[in-house]
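The structure appears right after this line, and notes come after that.
In this text the structure is predicted, and so the values were computed from the model without any measurement. For the numbers below, each heavy atom of this structure counts, side chains included, while hydrogens, waters and symmetry mates do not.
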2 protein chains.
Amino acid sequence: MTNPPVVRDKAKTRQRILEAAEAIARREGPAAMSLDAVAAAAGVSKGGLLYHFPGKSKLLQAMVDEYLSRFDTVLEGEARTGRPNAVILAYIQHFISERERNTPPPSGLLAVFAEDPDMLAPVQRHERNFLNRIRANATDPEFATVAFLAIQAVRSAELLNTQVLVEGEITQLTDWLTARLH
Amino acid sequence: MTNPPVVRDKAKTRQRILEAAEAIARREGPAAMSLDAVAAAAGVSKGGLLYHFPGKSKLLQAMVDEYLSRFDTVLEGEARTGRPNAVILAYIQHFISERERNTPPPSGLLAVFAEDPDMLAPVQRHERNFLNRIRANATDPEFATVAFLAIQAVRSAELLNTQVLVEGEITQLTDWLTARLH
DNA sequence: CCAACTATACCGTCTGGACGGTAAAGTCAA
DNA sequence: TTGACTTTACCGTCCAGACGGTATAGTTGG
């Protein structure tokens with residue numbers, strides 16, 4: 001009998017590991033995100049995991065990089081119209097579409113923070129840059145900042161499992177913000 | 001000069017332990033908050049620590065309780081005027097005064113989350129109740145909600161070491177919000 | 001005397017990490 | 001085309017140390 005061929009694809013396995021790690025952090029808490037648990041969830045031996053990420057900190061770093069690169073990719077083309085408030089509107093729109101697709105929160109970042117708070121510094125810089133772009137492009141920078149913060153708050157609450165708003169209220173929020181940005 | 005008497009006071013030692021735990025979580029990350037480390041930082045033996053908190057989860061629970069009771073105490077008398085927007089204004093005012101006193105963020109909550117995300121459920125309920133009070137008391141519930149969220153975002157960012165706003169901008173934010181709530 | 005600890009020893013489990021092995025896929029000269 | 005060799009993509013095992021927790025005997029101020 002012929003066994004099903006074992007497809008070896010470095011990039012795909014790597015991605016599977018990253019996703020498994022995120023899933024554990026989200027469902028069982030960052031503290032449960034051990035290398036053993038991640039390896040098991042990714043369908044990989046611990047040795048295999050360490051082949052892809054030689055050390056836990058490399059795995060954590062990869063989660064940060066992943067998050068930042070996604071952030072970049074998504075917001076690349078969307079805000080290039082140059083029209084007033086285009087950047088903050090693109091951010092809100094991106095938030096809405098994330099929500100519609102049930103995109104899970106980046107719980108991996110919390111695991112990173114749990115083990116080494118300083119590793120989130122790139123995230124901070126990145127968000128600061130983004131806020132600068134929002135403000136530079138806004139008709140009312142103060143209001144745009146508040147809008148940005150409000151969305152951030154909803155995302156943070158989701159990350160920490162302490163969401164205070166229900167689905168309808170979030171829609172109401174984005175509608176309200178959007179209406180005032182036109 | 002008289003030395004400060006070595007007073008053995010259960011409540012004070014308990015408090016010292018709680019503060020030491022918070023400090024470790026804040027400075028070295030939630031993952032570093034082991035019982036050994038907390039005991040050492042609190043100037044207490046491990047046995048002594050376990051005398052006060054029989055098990056780590058009891059310590060975590062205490063941190064949640066502590067946080068919630070402080071939340072309550074602070075906002076008890078402040079919002080009782082019944083005047084429109086009094087509740088959200090009190091919240092903003094409380095935020096400002098916390099900031100002036102350099103109150104450290106409740107990093108213990110992140111340690112709690114790291115080990116058991118569900119333990120923050122009381123915090124969620126609590127914040128939801130508070131938001132309800134804000135809205136019931138607001139002239140413009142939508143704006144009040146956005147104001148609440150904006151402050152929450154700043155607090156979350158501080159908690160996660162990813163603060164995007166500098167001191168002056170935070171003052172600007174609270175001024176801007178306050179002005180629109182009168 | 002008692003509450004409030006300290007000090008020390010210990011246990012079972014888990015954790016990150018090191019290490020040697022190995023099967024399959026790719027490379028390449030003859 | 002084939003056999004020799006290299007690289008890739010893992011697996012399985014082991015280990016020292018840290019972890020949460022238990023137990024017990026001793027110390028100290030009021």
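- Shown for residues 26-34 of chain B: no residue has heavy atoms falling under 4.0 angstrom of DNA chain C.
- In this structure, A/Gln93 and A/Ile96 have side chains that are in contact, with non-hydrogen atoms separated by less than 4.5 Å.
- B/Leu59 places its CG atom 14 Å from the C1' atom of D/dG21, with the value rounded to the nearest Å.
- For B/Thr171, there are no side-chain hydrogen bond (donor to acceptor under 3.5 Å, both in side chains) partners two or more places apart in sequence or in a different chain.
- Residues satisfying the side-chain hydrogen bond (donor to acceptor under 3.5 Å, both in side chains) test with A/Asp116, not counting sequence neighbours, are none.
- Near DNA chain C, meaning a heavy atom under 4.0 Å away, the residues from residues 37-54 of chain A are A/Lys46, A/Leu50.
- Each salt bridge (charged side-chain N to carboxylate O under 4.0 Å, His left out) pair with one or both residues in residues 17-32 of chain A, not counting sequence neighbours, would appear here, but there are none.
- Residue B/Asp36 contributes atom CG, which lies 10 Å from atom P of D/dA18 at whole-angstrom precision.
- Taking side-chain N and O atoms only, A/Thr13 has no distance below 4.0 Å to OP1 or OP2 of D/dA9.
- Contacts between residues 113-122 of chain B and DNA chain C, counted as heavy-atom distances below 4.0 Å, involve no residue at all.
- With sequence neighbours left out, A/Arg155 forms a side-chain hydrogen bond (donor to acceptor under 3.5 Å, both in side chains) with A/Tyr67, A/Glu98.
- In this entry the distance linking NZ of A/Lys58 with C1' of C/dG17 reads 13 Å, nearest Å.
- One interatomic measurement links the two molecules: CZ of A/Arg14 to P of D/dA9, which rounds to 12 Å at whole-angstrom precision.
- The list of salt bridge (charged side-chain N to carboxylate O under 4.0 Å, His left out) pairs with a residue in residues 172-182 of chain A, not counting sequence neighbours, is empty.
- Contacts classified as salt bridge (charged side-chain N to carboxylate O under 4.0 Å, His left out) and involving residues 134-152 of chain A (residues at least two apart or in different chains) are given here: A/Arg135-A/Glu142, A/Arg135-B/Glu169.
- With rounding to whole Å, A/Leu35 atom CG is found 4 Å from C/dG16 atom P.
- Using a cut-off of 4.0 Å between Lys/Arg side-chain N and Asp/Glu carboxylate O, A/Glu158 and A/Arg99 are scored as salt-bridged.
- Residue pairs that meet the side-chain hydrogen bond (donor to acceptor under 3.5 Å, both in side chains) test with at least one member in residues 118-127 of chain A, sequence neighbours left out, are A/Asp72-A/His126, A/Glu127-A/Gln152.
- Partners of A/Phe148 according to the ring pair (Phe, Tyr, Trp, His ring centres under 6.0 Å) rule, which considers only residues two or more places apart in sequence or in another chain, are A/Tyr91.
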Atom pairs and distances, side-chain donor-acceptor, residues 29-55 of chain A, under 3.5 Å, sequence neighbours left out:
residue: A/Ser34; atom: OG; partner: A/Ala37; partner atom: N; Å: 3.2
residue: A/Ser45; atom: OG; partner: A/Gly47; partner atom: N; Å: 3.4
residue: A/Ser45; atom: OG; partner: A/Gly48; partner atom: N; Å: 3.0

